[in-house]
Amino acid sequence: MTICNRANDPEDLPPKDEQHARPNTADKVAAGAATRITHTAIRPRSVWRLGLGALLLITAGVAYGASQRLAQSRQVMRTTQQQRDFVPTVRVAKARAADSETIISLPGTTLAFAAANIFARASGYIETRKVDIGDHVKAGDLLAQITAPELDHQIAQAQATLAQNQATLRQAQASRDLAQVTHDRDSSLVQKGWLTPQQGDTDRLTLEAQHGAVAVAQANIAAQQALIRVLNQQRDYLSVIAPFDGIVTQRNVDTGSLVQTGSTFMFTLMQSDVIRTQVYVPQDAAFGVAPGIDAVVRVPEIPDRTFPGKVTRFANALAPGTRTLLTEIDVPNPDGTLSPGIYCTVELHIPRKNPSILVPAEALVFNGDGLQVAVIENGTARFHKVTVARDLGTQVEVRDGIKPGDEVILRPMVNLADGSKVQASSTQISQK
């Protein structure tokens with residue numbers, strides 16, 4: 001039931017002219033209507049209109065919702081169909097066979113072709129010093145002169161002893177000759193019975209003793225001569241000479257310095273017209289190292305010049321701790337630009353023992369199946385497992401899994417599955 005105000009019903013209001021004609025009566029009616037409220041039923045026409053409007057609203061809402069749902073379903077179907085039929089365009093690059101030789105760059109150290117630490121071989125004082133650090137010397141040049149007066153006295157004493165031994169030898173030889181004559185003369189007399197057998201034995205043993213005395217004198221002379229040779233050799237050691245052409249890189253003595261035989265370190269001499277360069281080649285490239293392999297030495301402080309050389313020797317055994325092969329390269333250094341002890345990089349051109357294939361590094365995919373690359377085969381992406389032989393930065397060498405000429409996909413999509421349809425980009429990435 002609806003509560004309404006009869007005073008507000010337009011049908012109950014008096015005409016406009018009557019309102020102006022009877023103002024007092026209208027005021028009374030309005031006042032009475034404000035205090036009089038009655039309950040009446042809504043008319044049937046109004047109810048029908050309200051119900052029809054509600055029904056129309058509900059019908060319109062249901063129809064709109066159904067149309068929206070149908071539109072969404074069709075959109076999903078169209079999207080699914082597009083995804084099913086979509087063929088992504090991918091960037092590709094062709095795998096190519098690696099070069100016939102491997103070029104590796106390794107850190108190295110330059111060494112002198114020959115180096116010698118020169119010690120004193122005679123005791124004495126430095127009389128003169130002829131060279132200093134940095135001097136170039138030739139083989140046989142005098143480096144320093146040692147004075148040792150006592151050595152001269154030892155040589156004179158040894159020579160006097162030698163003369164004494166020689167005189168003893170002459171005396172022994174004279175006694176031997178006398179004993180020989182006596183024995184020869186008495187032996188015939190003993191046989192004839194004119195001398196006793198005892199005299200014959202005495203003469204014979206005396207001769208043998210004189211032979212022994214001569215031998216002793218000769219041995220003493222030989223020993224004394226050897227001693228004199230040793231002393232003369234020590235006297236030769238008083239002159240310190242260069243054993244080969246090179247540069248004096250260290251000096252530890254000066255004029256007046258006391259030196260002792262075998263213990264005083266005097267000079268260091270290095271031969272630098274040819275420089276040795278030592279590098280440690282890793283195991284994956286060591287099996288191709290052989291004498292005569294080309295090498296290029298570069299020094300960071302001399303960027304505008306390279307120093308060619310060749311492998312001349314290697315250790316023939318890998319170091320167990322590092323699995324590297326000690327290798328030496330001889331580099332001609334006629335102008336002396338290189339010095340021993342320089343840090344350098346050595347580029348070795350090693351013949352390849354096993355073939356390998358180069359692919360861009362961005363083609364590698366690492367997932368639960370290991371290391372792979374995606375290859376386009378007849379418009380389909382196929383994943384192949386590979387084994388990396390060497391990482392070159394922007395490129396990698398792989399041993400198996402693909403062959404030269406295969407088109408590998410660069411940076412494949414995360415959702416790219418094996419067997420997915422793909423198409424290669426019209427622009428391929430070239431490898432250099």
Side-chain angles (χ1 to χ4, degrees), residues 108-162 223-279 297 299 301-302 307 309 312-313 315 326-344:
T109 303
T110 60
L111 301 172
F113 186 78
N117 294 326
I118 300 175
F119 286 79
R121 293 290 287 121
S123 299
Y125 291 92
I126 300 297
E127 182 179 7
T128 56
R129 177 178 56 80
K130 299 293 185 179
V131 296
D132 208 336
I133 295 175
D135 289 347
H136 291 259
V137 297
K138 297 291 184 180
D141 287 352
L142 181 64
L143 304 180
Q145 183 66 47
I146 302 173
T147 180
E150 65 276 10
L151 183 59
D152 295 334
H153 299 325
Q154 292 176 2
I155 293 175
Q157 181 180 2
Q159 289 175 345
T161 303
L162 176 61
Q224 197 63 26
Q225 289 174 341
L227 177 60
I228 292 175
R229 286 194 296 271
V230 170
L231 294 176
N232 288 329
Q233 184 63 61
Q234 290 184 355
R235 183 169 61 185
D236 293 338
Y237 286 145
L238 294 178
S239 298
V240 182
I241 61 175
F244 50 78
D245 297 351
I247 302 173
V248 178
T249 60
Q250 191 170 353
R251 172 188 60 80
N252 294 324
V253 295
D254 211 335
T255 302
S257 298
L258 175 64
V259 295
Q260 297 292 333
T261 301
S263 62
T264 302
F265 177 31
M266 302 178 65
F267 304 98
T268 296
L269 186 64
M270 291 187 178
Q271 182 180 357
S272 59
D273 55 347
V274 176
I275 290 292
R276 297 176 187 257
T277 304
Q278 287 187 346
V279 294
V297 177
V299 179
E301 290 74 19
I302 314 176
F307 302 89
T312 53
R313 62 195 69 85
L326 175 60
T327 305
E328 283 191 354
I329 297 97
D330 286 352
V331 180
N333 187 38
D335 56 356
T337 302
L338 295 178
S339 301
I342 293 178
Y343 169 81
C344 61

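Keep in mind that the numbers below use all heavy atoms, side chains included, and drop hydrogens, waters and symmetry copies.
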- request: Using the side chain to side chain contact (heavy atoms under 4.5 Å, CB included) rule, pick out the option among D135, D245, T249, V137 that qualifies with L269.
  value: V137
Name the atoms and distances for all side-chain donor-acceptor pairs under 3.5 Å in residues 122-132, with sequence neighbours left out.
unit_1	atom_1	unit_2	atom_2	d
S123	OG	T261	N	3.1
S123	OG	T261	OG1	2.9
R129	NE	D254	OD1	3.1
R129	NH1	V131	O	2.7
R129	NH2	D254	OD1	3.3
D132	OD1	R251	NE	2.7

statement: Result for side chain to side chain contact (heavy atoms under 4.5 Å, CB included) between F307 and one of I275, I329, T277, I302 points to I302
message: Any non-hydrogen side-chain atom of M266 less than 4.5 Å from a side-chain atom of L143?
response: no
Nearest-0.5 Å distance, CG of residue L111 to CD1 of residue I342: 11.0 Å
- prompt: Would you say D152's side chain and A156's backbone share a donor-acceptor pair under 3.5 angstrom?
  reply: no
- request: Would you kindly say whether R235 and N232 are connected by a side-chain donor-acceptor distance under 3.5 Å?
  value: yes
- prompt: Does Q224 use its side chain to pair, donor to acceptor, with the backbone of A158 at less than 3.5 Å?
  reply: yes
query: How many angstroms lie between atom NZ of K138 and atom CD1 of I241, to the nearest 0.5 angstrom?
result: 15.5 Å
- prompt: Given the rule in the side-chain contact (heavy atoms from CB on, under 4.5 Å) test, do R276 and D330 qualify, once you have shown the distances and angles that lead to the verdict?
  reply: CA-CA 5 Å; R276 297 176 187 257; D330 286 352; 3.9 Å; yes
field: Interatomic spacing from OG1 in T161 to CD1 in I228 - rounded to 0.5 Å
entry: 8.0 Å
field: V279 versus G108, closest heavy-atom pair with distance
entry: CG1-CA, 3.9 Å
task: Please name the pair of heavy atoms, one in N333 and one in S272, separated by the smallest distance, quoted to 0.1 Å.
output: ND2-O, 3.0 Å
- request: May I ask you to check whether over 12 heavy atoms, not counting those of Q250, lie within 6.0 Å of atom CD?
  value: yes
message: Pair N117, T268 - check side-chain contact (heavy atoms from CB on, under 4.5 Å), show working.
response: CA-CA 4 Å; N117 294 326; T268 296; 3.0 Å; yes
task: Of all the heavy-atom pairs spanning F244 and A139, show the shortest one and how long it is.
output: CA-CB, 3.7 Å
- line: To the nearest 0.5 Å, atom CD of Q271 lies from atom CD1 of I247 at 10.0 Å
- prompt: Taking it one step at a time, do V253 and F267 satisfy side-chain contact (heavy atoms from CB on, under 4.5 Å)?
  reply: CA-CA 8 Å; V253 295; F267 304 98; 4.1 Å; yes
message: How close do P243 and I118 get, counting heavy atoms only, and between which atoms?
response: CD-CD1, 4.1 Å
message: When you measure from the side chain of D141 to the backbone of A242, do you find a donor-acceptor pair of N or O atoms at a distance under 3.5 Å?
response: no
query: Does T110 use its side chain to pair, donor to acceptor, with the backbone of G341 at less than 3.5 Å?
result: yes
message: For R121 and D236: C-alpha separation, side-chain torsions, deciding distance, then whether salt bridge (charged side-chain N to carboxylate O under 4.0 Å, His left out) applies.
response: CA-CA 9 Å; R121 293 290 287 121; D236 293 338; over 6 Å; no
From H153 atom NE2 to I155 atom CD1, the distance as rounded to the nearest 0.5 Å: 11.0 Å
